[in-house]
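One structure below.
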Protein chains: 2
Amino acid sequence: MGAPEYIKIVEAIKNKITSQELEPGDAIQSENLLCEEFNVSRMTVRKGLAVLVNEGYIYSIPGKGNYVCEPDLDQYILHYNEMAPGNERGDEVRLIEVNVVKPSYEVSFNLEIPETKHVIVVKRIFLKDGFPTAYDIKYIPYYRGIPIVEKEIRYATFPEMVAKKNSIFAMTKKLKIRAAIAEDETARNLEIPVGMPLLVVEEKLLDEKDKPIGWGMMYLAGEDAGLEAVASFD
Amino acid sequence: MGAPEYIKIVEAIKNKITSQELEPGDAIQSENLLCEEFNVSRMTVRKGLAVLVNEGYIYSIPGKGNYVCEPDLDQYILHYNEMAPGNERGDEVRLIEVNVVKPSYEVSFNLEIPETKHVIVVKRIFLKDGFPTAYDIKYIPYYRGIPIVEKEIRYATFPEMVAKKNSIFAMTKKLKIRAAIAEDETARNLEIPVGMPLLVVEEKLLDEKDKPIGWGMMYLAGEDAGLEAVASFD
DNA sequence: TAGTGGTCTAGACCACGCA
DNA sequence: GCGTGGTCTAGACCACTAT
């Protein structure tokens with residue numbers, strides 16, 4: 001075979017796990033035994049085991065051995081593209097408001113700033129075939145000299161709006177997803193009747209010290225608007 | 001410092017990235033240069049770089065070099081615990097139906113089986129403080145000899161219901177999340193008025209050949225019922 | 001004390017990208 | 001042809017677990 005030795009080791013152990021020959025909690029044979037079995041050096045065995053650790057199949061206990069993981073049933077990968085909300089790639093973004101305002105209690109609470117400080121509010125509507133599919137409101141703490149360029153903001157993701165000061169690599173993004181009913185403001189902007197179901201995605205951006213640097217909501221309309229998430233082992 | 005050499009290399013490069021000294025697309029110095037800079041062997045440098053690759057900071061192009069990634073803005077980790085829907089750890093699970101039935105068109109379509117084959121349907125209600133918080137319907141293809149033990153099913157997660165035949169490690173789980181309005185069946189089971197907002201989590205289980213082995217819905221009631229997702233680099 | 005995993009070395013050969 | 005990353009070896013020392 002052309003495959004590297006460590007990949008063969010990965011496949012062999014993976015097979016034992018998916019075929020239930022090895023079950024969660026079971027020990028893998030020791031690294032030295034694997035060296036003999038596959039006729040490779042210990043570094044090669046360890047490289048293979050490292051792959052299995054990264055993929056969540058096994059874990060190591062120093063001085064004891066390697067063991068098959070209890071699979072994590074709760075963890076999924078969610079794909080959420082802010083600029084294509086509800087997986088509907090829209091064809092138009094309408095910037096309906098960019099302003100510097102005093103925050104409401106809710107905004108100051110979520111951004112953890114006093115109500116006397118100002119914030120930038122950005123309101124946008126995403127459209128497809130002329131119909132609104134999503135209504136977006138974001139708040140960013142205001143500081144002197146922050147660039148407010150409407151053309152940039154219109155097509156910017158939330159992290160990009162604040163990325164001038166903070167590296168995206170040093171940011172944490174948190175989402176809360178829930179259901180709601182369209183009320184006056186959301187219904188008007190989404191051009192739907194009051195009482196229709198909405199998917200609400202609340203988004204909070206935190207810097208490396210867990211201080212909020214952005215907070216906002218995305219309201220998704222339409223029965224077909226949804227988010228998708230996947231959990232699997234590869 | 002007591003930290004291993006390869007961790008020091010990881011931290012040093014991570015700092016350059018989060019401080020924006022290195023930006024997405026930039027090249028890291030070559031592995032041989034890193035060996036000199038940190039006075040370590042090449043294997044140690046490569047171990048550090050492997051960590052950065054796994055964490056999504058850098059990627060390698062054989063024959064060229066290592067480069068800083070464009071951060072993936074769309075990918076989040078979603079925590080969804082089936083047995084604690086909406087992050088509300090309930091105190092009671094009411095099994096309201098376990099049956100072998102012929103599937104509706106929708107069910108046979110999603111399980112990719114003919115409408116003449118039978119399926120097991122499981123309906124449960126999750127309660128907290130005596131009030132329903134979630135209503136759950138799951139469908140599993142029926143085959144002769146499948147154990148239907150009500151006590152087991154009541155507290156089983158969806159993967160556990162089908163895990164007798166298939167290893168959880170060989171399964172893929174897909175979720176679709178959307179908003180809906182409570183209608184007669186859901187409203188009655190959740191004891192809420194028709195017209196209230198619901199968060200709907202559609203779940204499909206696939207085996208290693210991508211054949212469906214389970215399909216169903218979870219309806220979450222209440223304004224505070226929600227899902228949470230996080231994206232960050234560590 | 002013997003066995004385990006964790007770190008590290010100083011070499012080696014290969015396939016690939018580039019000038 | 002030279003530098004790059006990808007794979008691999010045959011050792012070594014350490015901290016830890018078990019008995």
Side-chain angles (χ1 to χ4, degrees), chain A residues 1-17 21-71 169 234, chain B residues 1-17 21-72 234:
Chain A
M1 302 279 276
E5 295 301 319
Y6 76 92
I7 295 291
K8 294 181 195 169
I9 300 172
V10 170
E11 309 276 64
I13 298 176
K14 224 181 254 192
N15 275 337
K16 285 193 187 175
I17 294 174
E21 183 184 334
L22 282 173
E23 301 210 319
D26 287 357
I28 317 283
Q29 61 260 62
S30 79
E31 297 179 356
N32 285 320
L33 285 177
L34 287 167
C35 292
E36 291 175 27
E37 184 180 332
F38 288 92
N39 267 302
V40 295
S41 74
R42 181 153 165 251
M43 286 301 266
T44 302
V45 165
R46 285 183 58 72
K47 182 152 185 177
L49 295 178
V51 172
L52 292 167
V53 169
N54 280 323
E55 294 186 354
Y57 284 88
I58 67 170
Y59 62 94
S60 287
I61 301 182
K64 289 194 72 176
N66 292 285
Y67 299 87
V68 179
C69 287
E70 304 287 340
F169 284 103
D234 15 68
Chain B
M1 303 280 274
E5 295 301 319
Y6 76 92
I7 295 290
K8 295 181 195 168
I9 299 172
V10 168
E11 309 276 65
I13 297 176
K14 223 180 254 190
N15 275 338
K16 285 193 187 177
I17 294 173
E21 181 181 334
L22 283 173
E23 300 211 320
D26 289 356
I28 317 283
Q29 61 259 63
S30 80
E31 297 180 354
N32 286 320
L33 284 177
L34 287 167
C35 293
E36 294 175 25
E37 183 179 331
F38 288 91
N39 268 301
V40 294
S41 76
R42 181 152 166 252
M43 286 301 266
T44 302
V45 165
R46 285 182 59 73
K47 181 151 185 178
L49 295 178
V51 172
L52 292 167
V53 169
N54 280 323
E55 293 186 355
Y57 284 88
I58 68 172
Y59 63 95
S60 286
I61 301 182
K64 288 195 71 178
N66 293 285
Y67 299 87
V68 178
C69 287
E70 303 286 340
D72 187 345
D234 15 65

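Keep in mind that this is a model prediction, so the values were computed, not measured. Just so we're on the same page: letters track the sequence lines, and every chain starts at 1.
- Comparing D/dT7, C/dG6, C/dT4 by their closest approach to the side chain of A/Lys47 singles out D/dT7.
- In this structure, CG of A/Leu34 is placed 13 Å from P of D/dT9, rounded to the nearest angstrom.
- Phosphate contact (OP1/OP2 of D/dA18, side-chain N/O of A/Lys64, threshold under 4.0 Å): present.
- The side chain of A/Asn32 has C/dT4 as its nearest neighbour among D/dC8, D/dA12, C/dT4.
- Straight-line distance from the CZ atom of B/Arg46 to the P atom of D/dC8: 11 Å, rounded to whole Å.
- The separation between B/Phe38 atom CZ and C/dT9 atom P is 13 Å, rounded to whole Å.
- Listed nucleotides D/dG6, C/dC18, C/dT9 differ in distance to B/Val40; the shortest reach to its side chain belongs to C/dT9.
- The distance from atom CD1 of B/Ile58 to atom C1' of D/dT4 is 14 Å, rounded to the nearest whole Å.
- Residues A/Ile7 and B/Ser30 both approach DNA chain D. Their nearest nucleotides, taken by heavy-atom distance, put B/Ser30 toward the 5′ side.
- Look at B/Tyr6 and you won't find any side-chain N or O under 4.0 angstrom from OP1 or OP2 of C/dC8.
- Atoms CD1 and NZ, from A/Ile7 and A/Lys14 in turn, are 8.0 Å apart once rounded to the nearest 0.5 Å.
- The side chain of B/Pro62 has D/dG6 as its nearest neighbour among D/dT9, D/dG6, C/dT4.
- The interatomic distance linking B/Asn39 (CG) with C/dC8 (P) rounds to 13 Å, in whole Å.
- A/Glu31 and A/Asn66 get closest at one heavy-atom pair: OE2-ND2, 3.7 Å.
- Heavy atoms only, all atoms of each residue included: A/Tyr6 and A/Val51 are closest at CE1-CG2, 4.1 Å.
- The CD-P distance, from A/Glu36 to D/dT9, rounds to 14 Å in whole Å.
- At the heavy-atom level, B/Ile61 lies under 4.0 Å from the strands shown only through sugar-phosphate atoms.
- Here the shortest heavy-atom pairing between A/Asp26 and A/Glu21 reads OD2-O, 4.2 Å.
- Taking every side-chain heavy atom of B/Asn66 into account, D/dG5 is the closest of D/dC8, C/dC8, D/dG5.
- Of all nucleotides listed (D/dC8, D/dG6, D/dG11), D/dG6 comes nearest to the side chain of B/Arg42.
- Atom CD of A/Glu31 and atom C1' of D/dT9 are 16 Å apart (whole Å).
- In this structure, B/Met43 places its CE atom 13 Å from P of D/dA10, rounding to the nearest Å.
- Contact check, B/Thr44 against C/dT9: a side-chain N or O comes under 4.0 Å of OP1 or OP2.
- Contact detail for B/Pro24 and B/Cys69: the closest heavy-atom pair is CB-O, 3.3 Å.
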